[in-house]
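Heads up, the thing below is written out as structure tokens.
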Amino acid sequence: MASASRIASAASLVCPIAPLARAFFARDPRRVARELLGKILVRQDDSVRLTARIVELEAYLGESDPAAHAAAGRTARNAVLFGPPGYAYVYFIYGNHYCLNVSCEREGKAGGVLFRALEPLEGVAEMARARDVTIASPKDLLKLTRGPGRLSEAFGITRLRDNGGDLTSQGSGLWIGDDGYRSRQICMTARIGITKAADRRLRYFLRGNAFVSGSRLASK
DNA sequence: ATATCGATTATCT
DNA sequence: GATAATCGATATG
């Protein structure tokens, strides 16, 4: 136990969680994605706190990126991407799923980072209830937050509730924090599930982490 | 008013 | 590994 606690683990909190500053997000989405690995997504309700470590992200650039929702210019749907940095862009996809992004760059310049996978830390029972899954073995934890649609469901993220929310403010109920965890090896591959600009390597994940989505390139 | 298309997941073989 | 399910946003008439 003594040796295990000396090793920084992705599966436990290192220190109290401090919210990230807005300036963190006011940069190129590639840089933001890389540096968000190992940070923590927090859902704070009246009573419950859900926390999970960010282990996989994708960068979506502005109007120069054909795969980005911002590619065709500003619309009512993607307006948050064109707004100030550090806000939640939540969209609905495939008739079933919500996906969470954080806006990047300065106001007026689009850019965002998609949350693709988390490793649960606190509130596993609540996440399991939200996902309607039973945790019978450690590998069932993967059903909670592996994949962008799953993590959103586990955290109760919807467009109505969270789109436009401030991810740098604890008062918003959904925010991103730093507990001092230092991520080790970072891998980059092509983004998943897109057809346009499918060759660009803008997917970032923590090497070897079991919660990373995708079957083949997850642990390289 | 209607048609098309997903930054996905669950459930098969 | 293949595919059905599902519906809001968007484009077009």
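When reading the values below, keep in mind they use all heavy atoms of this one structure, side chains included, and skip hydrogens, waters and symmetry mates.
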Check: Would A:Tyr60 pass as stacked on B:dA7, i.e. its ring centre under 5.5 Å from the base's six-membered ring centre and planes under 30° apart?
Finding: yes
Show me the protein contacts with nucleotides 10-13 of chain B, counting only N or O atoms at under 3.5 Å.
| residue | atom | partner | partner atom | Å |
| --- | --- | --- | --- | --- |
| B:dA10 | OP1 | A:Arg131 | NH1 | 3.3 |
| B:dA10 | OP1 | A:Arg131 | NH2 | 2.6 |
| B:dA10 | OP2 | A:Arg150 | NE | 2.8 |
| B:dA10 | OP2 | A:Arg150 | NH2 | 2.5 |

Next item on the list: Using the salt bridge (Lys or Arg N to Asp or Glu O under 4.0 Å) rule, collect all pairs that involve residues 66-91 of chain A, keeping only residues at least two apart or in two chains.
Entry: none
Note to self: Once salt bridge (Lys or Arg N to Asp or Glu O under 4.0 Å) is applied, what residue pairs with a partner in residues 166-177 of chain A remain, sequence neighbours excluded?
What the structure shows: A:Arg22-A:Asp166
Next item on the list: Go through DNA chain B and write down every stem, that is, every run of at least three consecutive Watson-Crick or G-U wobble pairs with distances under 3.5 Å, as range with range.
Entry: B:1-6 with C:7-12, B:8-12 with C:1-5
Margin query: Just the rounded figure in Å: distance from P of B:dT8 to CG of A:Leu100.
Written below: 14 Å
Next item on the list: Specify the separation, in whole Å, of atom CZ of A:Arg191 and atom P of B:dA7.
Entry: 10 Å
For [range], pull every pair meeting side-chain hydrogen bond (donor to acceptor under 3.5 Å, both in side chains), keeping only residues two or more places apart or in separate chains.
| range | value |
| --- | --- |
| residues 29-45 of chain A | A:Arg27-A:Glu35, A:Asp28-A:Arg30, A:Arg31-A:Glu35, A:Arg43-A:Asp162, A:Asp45-A:Arg161 |
| residues 124-145 of chain A | A:Arg131-A:Glu153, A:Asp140-A:Lys143 |
| residues 92-117 of chain A | A:Glu56-A:Arg116, A:Arg116-A:Ser213 |

What nitrogen or oxygen pairs link the protein and nucleotides 10-13 of chain C at under 3.5 Å?
| residue | atom | partner | partner atom | Å |
| --- | --- | --- | --- | --- |
| C:dT10 | OP1 | A:Thr75 | OG1 | 2.6 |

Next item on the list: Please evaluate the base of B:dA7 for a donor-acceptor partner in the side chain of A:Tyr91 within a cut-off of under 3.5 Å?
Entry: yes
Which pairs of donor and acceptor atoms, one on a side chain in residues 192-199 of chain A, lie under 3.5 Å apart (sequence neighbours left out)?
none

Next item on the list: Name the nucleic acid region contacted by A:Ile194, choosing base, sugar-phosphate or nothing; use a 4.0 angstrom heavy-atom cut-off, strictly under.
Entry: sugar-phosphate
Margin query: Could you work out, with salt bridge (charged side-chain N to carboxylate O under 4.0 Å, His left out) as the rule, every residue matching A:Arg49, not counting sequence neighbours?
Written below: A:Glu122
Notebook entry, point to check: Taking only residues two or more places apart in sequence or in another chain, which ones pass side chain to side chain donor-acceptor pair (under 3.5 Å) with A:Asn163?
Noted result: none
With a cut-off of 3.5 Å and sequence neighbours excluded, list every side-chain donor-acceptor pair involving residues 59-72 of chain A.
| residue | atom | partner | partner atom | Å |
| --- | --- | --- | --- | --- |
| A:Tyr60 | OH | A:Glu58 | OE1 | 2.7 |
| A:Asp65 | OD1 | A:Ala67 | N | 3.1 |
| A:Asp65 | OD1 | A:Arg191 | NH2 | 3.1 |
| A:Asp65 | OD2 | A:Leu61 | N | 3.0 |
| A:Asp65 | OD2 | A:Arg191 | NH1 | 2.7 |
| A:His69 | ND1 | A:Tyr89 | OH | 2.7 |

